[in-house]
Each structure stands twice: as structure tokens, then as C-alpha cells.
Amino acid sequence: MEKQEENYKIIYIDEEKMDKEENNACKRRKSRVLVTLIIGLLVTCYYIFVVELCIFTVPSQELKATFLVMFHILFLLCVWSYLRVVITPPAVPPETFRLSESDKQLYLSEERPEVQEQILSRAAKNLPLYYNIDSKTPIKYCRKCQFIKPDRCHHCTACDICILKVDHHCVFLNNCVGFSNYKFFLLFLLYVPLLLIFTSAVSLYCSILFWTGQVTNMDSKDSVIALFCMSTMFCIIFCYRYIYEHYSLVLMNDTLLEFNEGIHCKYNPYDLGYRKNWRQVFGNKKRYWFIPIFSSLGDGSSFPLGDAKDDIEKNGAIDCQTSK
């Protein structure tokens with residue numbers, strides 16, 4: 001009977017694992033479809049604005065040139081930021097956080113939690129963890145990736161890896177937003193509303209031209225009005241839902257995952273103040289702030305603390321300048 005029960009347990013666990021894997025694979029397929037749809041939407045909007053609106057509708061050559069230059073600058077920055085978020089692989093913990101083979105065998109063979117905690121404490125003694133400052137914070141170990149988790153690191157079930165400073169897994173990006181691409185994600189959230197506001201304003205101007213009879217070619221009327229409605233709707237959604245939420249989290253040095261789980265609801269040890277929190281994500285060099293080039297401070301596995309006496313640059317933060 002006991003053997004049968006064990007066999008049932010093994011079969012149940014295997015089936016549960018298979019269900020999770022199938023679910024994650026289904027999510028990844030849906031994400032790829034969404035990414036394709038977003039790219040298709042961008043291409044459609046590009047065609048309507050450039051061809052239907054500027055070339056066929058705007059009567060003034062000076063306005064055409066102005067609209068096209070401004071649109072292409074915003075469109076380029078938007079697409080550049082989006083592609084950087086999508087194609088940048090999430091940062092994983094460095095090898096220094098991996099248990100040695102002997103410690104791993106000891107940890108896996110031990111069933112007592114207090115002894116497991118002692119093994120992890122000994123292995124993490126020289127690692128840059130908040131635990132080594134505040135011993136009340138437990139050390140986290142990922143059995144699947146076989147890493148001692150650095151501060152603010154979490155295992156993403158969709159990507160199936162441990163990722164440094166996870167913000168969230170985004171189905172519209174088919175990628176995890178974390179330390180390596182967080183700045184690109186924020187810039188994408190900034191440039192999309194700017195592009196939408198500009199597109200909405202220009203399409204409204206052309207719609208007024210149609211309504212007042214100042215344009216004789218009415219073939220583009222439906223496309224331009226549809227562009228106005230679509231860009232206005234998406235602009236409201238982006239500004240209301242995403243801009244305020246994510247940029248306020250940056251200023252608090254909080255991630256969306258930490259905020260949703262209430263990890264720092266009482267005290268956030270990583271809050272350095274608005275200016276330093278901003279620089280930790282966007283870097284010290286202002287000329288790189290609004291360009292989709294990696295300029296974040298640190299290595300993603302350790303972070304300066306809010307009660308540190310020295311400045312952010314002197315607290316083990318590595319100034320990761322332009323990626324080469």
C-alpha cells in the first residue's frame with residue numbers, strides 16, 4: 001500500500017510539472033502572438049500617418065515636413081526602446097551565488113530547516129546580501145536554478161530562470177522586465193504616450209480639415225479619423241495606467257513585484273531618496289537618460305542601502321556605462 005501511495009505521489013507530481021510546463025509554453029506562444037500584433041499595429045499606424053495623413057491630406061509642404069520629422073523621431077525612439085526591452089535577455093545571478101558541489105549535496109540531503117539555514121548562512125557569509133546586515137532577513141535558495149538568490153532576485157515561472165531585480169513578466173514583450181532592461185521599459189512607457197499625443201493632435205487637425213471642407217481628397221478621411229480615435233484611446237490608457245504607476249515606483253526604488261507583494265510596505269532599505277533612486281535606474285550621465293542605451297548603476301546583485309553614509313557611487317555601485 002505504501003509503495004502504491006508513493007507511486008501515486010510521483011505520478012501526481014510529474015503530471016503537475018507537465019501541466020506547469022504546458023501552461024508556460026502556452027503563455028510564451030501567446031506572448032509571441034501579442035508581440036507580432038504590436039509590431040503590426042505600429043506598422044499600420046506608421047502607414048496611415050505618413051501616407052494617408054501627411055502625403056495625401058496635409059496641404060502645406062512646410063507642415064508636411066515638420067510633421068514627418070517630429071513623427072519619425074518619436075517613432076524611432078519608441079520602436080528602439082520596445083525592441084531593446086524585447087531582445088535584451090534578463091540578467092541572471094553571477095556564479096559567485098551558486099552553491100559549491102559539497103554544500104549543495106549537504107543542503108539537498110538535509111531535511112531539517114534550521115540545518116539548511118546554517119548551510120546557506122555559511123555559504124552566503126561573504127556575499128553582498130542584505131541578510132549579512134540584517135540577520136532577520138532569511139536567505140533564499142532556488143532549488144531549480146541552484147543559486148542563492150541575490151537581493152531583489154526572483155524566479156520567473158514563465159522564463160523558468162532566476163532574474164535580477166525582477167519588476168514583472170510582461171506578455172506584451174514576451175520577456176521579463178528586470179535589471180538589464182528596466183530602463184528600456186520605462187523609456188518605452190514614456191515615448192509611446194508622446195507619440196500617441198502627437199499623432200492624436202495631428203490627426204485631429206486633419207479631421208478638422210475634412211469637416212470644414214478644406215481638403216478635397218476625401219479618400220483618407222476614414223483612416224485619419226480611425227487613427228485619431230485609436231491614438232487618443234491608447235494615450236489615455238497609457239498615461240492613466242502605466243506612466244504614473246511605474247515612474248512613481250522608480251522614485252521610491254520599488255519594483256512592481258515588491259509593491260504588489262507588500263515587501264517594502266513598512267520599510268524599504270533600498271530607498272535612497274528621489275534623485276539617487278532615479279540615477280540608480282537611468283545612470284549618472286544625463287545625456288544617456290532618454291536614449292535606449294544601458295546606463296543603470298550597479299550590477300543587479302547588490303544594492304546600496306538607504307541608511308548608508310556614503311553616496312550611491314561609493315557604495316559598491318558599478319557605473320555600467322554605454323554597453324559596447
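Starting from 1, each residue takes its place in the sequence as its number.
For Lys64, there are no salt bridge (charged side-chain N to carboxylate O under 4.0 Å, His left out) partners, not counting sequence neighbours. In terms of the side chain to side chain donor-acceptor pair (under 3.5 Å) criterion, Glu114 has no residue partners (sequence neighbours excluded). The side chain to side chain donor-acceptor pair (under 3.5 Å) check on Glu62 picks up Ser60, with sequence neighbours excluded.
Counting heavy atoms from C-beta on, the side chains of Lys104 and Arg143 never come closer than 4.5 Å. Considering only heavy atoms from C-beta on, Val58 comes within 4.5 Å of Leu53 through its side chain. Looking at Phe71 and Phe198, their side chains come closer than 4.5 Å, going by heavy atoms from C-beta outward. A 4.5 Å side-chain heavy-atom check between Met70 and Thr66 finds at least one atom pair inside the cut-off. Considering only heavy atoms from C-beta on, Cys162 stays 4.5 Å or farther from Val92 through its side chain. In this structure the side chain of Met230 reaches within 4.5 angstrom of the side chain of Cys45, judged on heavy atoms. Residues Phe75 and Val79 are in side-chain contact: their nearest non-hydrogen atoms beyond the backbone lie under 4.5 Å apart. In this structure, the side chains of Leu257 and Asp167 stay at 4.5 Å or more apart for every pair of heavy atoms.
The 12-atom threshold is not exceeded at CZ of Arg275, counting heavy atoms of other residues, nucleotides or ligands nearer than 6.0 Å.
The hydrophobic clustering, which links ILVMFWY residues whose side-chain heavy atoms are closer than 4.5 Å, places Phe179 and Leu186 together. Cluster membership for Leu77 and Ile197, using ILVMFWY side-chain heavy atoms within less than 4.5 angstrom, is not shared. Under a hydrophobic-cluster definition in which Ile, Leu, Val, Met, Phe, Trp and Tyr are linked whenever side-chain heavy atoms come within less than 4.5 Å, directly or via other members, Val69 and Leu194 are assigned to the same cluster. There is no path of hydrophobic side-chain contacts, each under 4.5 Å, that joins Ile73 to Leu76. When hydrophobic clusters are built by joining Ile, Leu, Val, Met, Phe, Trp and Tyr residues whose side-chain heavy atoms come closer than 4.5 Å, directly or via intermediates, Val85 is grouped together with Leu74.
Heavy-atom minimum distance, Leu251 versus Tyr274: O-CD2, 3.2 Å. Scanning all heavy atoms of the two residues, the minimum distance from Cys54 to Phe67 falls at SG-CB, 3.9 Å. Pairing each heavy atom of Cys235 with each of Leu196, the nearest pair is N-CD1, 3.5 Å. What you find for Gly283 and Trp289 is that their closest heavy atoms are O-NE1, 2.8 Å. Across Leu173 and Phe185, no two heavy atoms sit closer than the pair CD1-CD1, 3.9 Å. Closest heavy-atom contact between Asn253 and Lys165: OD1-NZ, 4.2 Å.
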How far apart are the C-alpha atoms of Ile39 and Val35, what are their side-chain angles, what is the distance that settles it, and do they pass the side chain to side chain contact (heavy atoms under 4.5 Å, CB included) test?
CA-CA 6 Å; Ile39 293 173; Val35 169; 4.0 Å; yes
Please step through side chain to side chain contact (heavy atoms under 4.5 Å, CB included) for the pair Phe282 and Leu297, ending with a clear verdict.
CA-CA 8 Å; Phe282 288 91; Leu297 300 180; over 6 Å; no
I'd like to know whether Leu99 forms a side chain to side chain contact (heavy atoms under 4.5 Å, CB included) with Leu120, so could you lay out the CA-CA distance, the side-chain angles of the two residues, the decisive distance to 0.1 Å, and finally the verdict.
CA-CA 8 Å; Leu99 284 181; Leu120 293 178; 4.2 Å; yes
After noting the C-alpha distance and the side-chain angles of Ser296 and Phe294, does the key distance pass the side chain to side chain contact (heavy atoms under 4.5 Å, CB included) rule?
CA-CA 6 Å; Ser296 302; Phe294 185 81; 3.8 Å; yes
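Residue Leu249 belongs to a hydrophobic cluster whose other members are Met252, Leu256, Phe259, with links defined by side-chain heavy atoms closer than 4.5 Å.
For the pair Arg279 (side chain) and Asn284 (backbone), a donor-acceptor distance under 3.5 Å is absent. Counting only distance, with no hydrogens or angles, the side chain of Thr232 and the backbone of Cys229 share no donor-acceptor pair below 3.5 Å.
Note that the CZ atom of Phe49 and the NE2 atom of His72 stand 9.0 Å from one another [nearest 0.5 Å]. For the atom pair CD1 of Ile119 and OH of Tyr107, the computed distance is 8.5 Å after rounding to the nearest 0.5 Å. The distance from the OG atom of Ser231 to the CG atom of Leu195 is 9.0 Å, given to the nearest 0.5 Å. Atom CG of Asp299 is separated from atom CG of Leu164 by 8.0 Å, given to the nearest 0.5 angstrom. Taken to the nearest 0.5 Å, the CZ atom of Phe184 stands 15.0 Å off from the OH atom of Tyr82. Taking OG of Ser81 as the start and CG of Leu189 as the end, the distance is 9.5 Å to the nearest 0.5 Å.
A salt bridge links Asp103 with Arg122: the closest approach of a Lys/Arg side-chain nitrogen to an acidic carboxylate oxygen falls below 4.0 angstrom.
The side chain to side chain donor-acceptor pair (under 3.5 Å) pairs that include a residue from residues 180-192 are Lys183-Ser295, where partners are two or more places apart or lie in different chains.
Ring geometry, His246 versus His168: the interplanar angle falls from 30° to 60°, so the pair is classed tilted. Using bins of under 30°, 30° to 60° and over 60° for the plane-to-plane angle, the ring pair Tyr270/Phe303 lands in the perpendicular bin.
Using modelled atom types, one finds a donor on one side chain and an acceptor on the other under 3.5 Å when comparing Glu258 with Thr255.
Residues Phe147 and Phe97 place their aromatic rings such that the two centres sit no closer than 6.0 Å.
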Please list every donor-acceptor pair under 3.5 Å in which a side-chain atom of residues 202-210 meets a protein atom from a residue at least two apart or in another chain.
| residue | atom | partner | partner atom | Å |
| --- | --- | --- | --- | --- |
| Ser203 | OG | Thr199 | O | 2.7 |
| Ser203 | OG | Ser200 | O | 3.0 |
| Ser207 | OG | Ser203 | O | 2.7 |

